Structure formats: structure tokens, C-alpha cells
Amino acid sequence: MQTDIDPRSLIGRKAFDRNGSKIGTIDEVYLDDATGVPEWAAVRTGLFSRDAFVPLEPSELVGDALRVPFDRSLIKDAPDFGVGRHLSPEQELQLYHHYGLDVTLPSEFHPSPPPPEQPRDFGRLAGDDG
């Protein structure tokens with residue numbers, strides 16, 4: 001998606017899945033903490049439904065609507081974290097996995113590998129005459 005678009009201009013736009021089926025209306029836009037680039041949109045999926053998070057990349061603006069390149073059923077089954085709160089890195093990771101998207105993980109998701117195992121020197125064991 002265009003990174004120069006004002007995220008506030010997305011709110012209130014209709015969102016459609018890859019087949020052109022209406023998903024709902026964009027309620028909120030979530031920005032990347034490090035870059036400030038719009039990363040996720042919360043889409044109200046129906047009058048009594050919940051908001052579903054959709055990735056803004058690889059979505060695209062087509063006219064006045066957001067086209068999300070996933071099936072409506074996958075979008076509606078996305079993890080529900082509620083809106084109005086900050087998405088944690090763990091929640092974002094769950095969303096990326098849900099949509100099958102590759103993601104470059106922040107350093108906290110790359111734990112240091114364990115140190116190489118050192119040869120053990122057990123010395124002489126009791127009863128060993130050798």
C-alpha cells in the first residue's frame with residue numbers, strides 16, 4: 001500500500017476481500033511503532049460483529065476502498081485483540097502468521113543461540129585405576 005497516505009483518511013472507508021466481497025468498514029488504523037507507517041487496519045465486520053485486523057501491506061487502495069488480498073473467511077477468523085489498544089509485538093506476530101505473511105522479527109524474537117557445548121572434563125572417577 002502507499003506509505004505516503006494519511007492513515008486518518010482510511011477510517012470510514014469500505015474494505016473488500018480479494019474476491020470483491022465486502023468485509024466491512026475501517027474503524028482504526030495502527031501504525032508501526034518504529035517507522036510510523038500504517039501497518040494494520042481494524043475493520044468492523046458487521047453491525048453486531050467485531051473488528052478484524054487486516055494487514056495494510058499487501059493491501060491496496062482501489063478508488064475509495066481498501067482491497068485486502070485474502071478471503072473474507074480468513075479475515076473474519078483473524079485473532080481478536082480488541083480495538084483501541086496498542087498491538088504488542090507478540091500480537092502482531094500472531095496476525096502475520098495468521099495471514100501467512102513473512103515478517104522480519106524484532107530482536108526480542110531472536111533469542112541468542114545457546115553457547116556451544118564445551119567438552120566436559122570429568123577427571124578421574126572413583127574406583128578408576130587408569
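Treat the numbers as computed from the prediction; the structure is a model and nothing was measured.
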Q.
Run Val68 and Asp17 through side-chain contact (heavy atoms from CB on, under 4.5 Å) and show every step you take.
A. CA-CA 5 Å; Val68 182; Asp17 75 357; 5.7 Å; no
Q: Check step by step if side-chain contact (heavy atoms from CB on, under 4.5 Å) holds for Ile26 and Arg13.
A: CA-CA 6 Å; Ile26 299 173; Arg13 291 185 188 228; 4.3 Å; yes
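With values rounded to the nearest 0.5 angstrom, Leu87 atom CG is found 9.0 Å from Asp33 atom CG. Interatomic distance, CZ of Arg18 versus CG of Leu74, reported as 8.5 Å (0.5 Å rounding). Glu28 contributes atom CD, which lies 12.5 Å from atom CG of Leu10 (distance to the nearest 0.5 angstrom). A distance of 12.5 Å separates CD of Glu57 from CG of Asp32, quoted to the nearest 0.5 Å. Note that CG of Leu95 is 10.5 Å distant from NE2 of His97, once rounded to the nearest 0.5 Å.
Between Tyr30 and Gly84, the shortest heavy-atom distance links the atoms OH-N, 3.0 Å. A pairwise comparison of heavy atoms in Arg72 and Ser21 identifies CD-CB, 4.4 Å as the closest pair. For Gly82 against Phe53, the heavy-atom pair with the smallest separation is O-CZ, 3.4 Å. When all heavy atoms of Asp27 and Ile11 are compared, the closest pair comes out as O-CG2, 3.6 Å. Closest approach of Thr45 and Arg50 over heavy atoms only: OG1-O, 2.9 Å. Closest approach of Pro38 to Val29, counting heavy atoms only: CB-CG1, 3.9 Å.
Side-chain N/O atoms of His98 and Asp77 include no donor and acceptor closer than 3.5 Å.
Side-chain contact check for Arg67 versus Val62: some heavy-atom pair is nearer than 4.5 Å. Counting heavy atoms from C-beta on, the side chains of Tyr96 and Asp102 never come closer than 4.5 Å. Side-chain atoms of Asn19 and Phe70, non-hydrogen and from C-beta on, never get closer than 4.5 Å to each other. Side-chain contact check for Leu61 versus Leu66: some heavy-atom pair is nearer than 4.5 Å.
Residues Ile75 and Phe16 do not share a hydrophobic cluster, clusters being chains of Ile/Leu/Val/Met/Phe/Trp/Tyr side chains in contact below 4.5 Å.
For Trp40 and Phe81, the ring centers sit 6.0 Å or farther from each other.
Under a 4.0 Å N-O distance rule, the pair Lys14/Asp64 does not qualify as a salt bridge.
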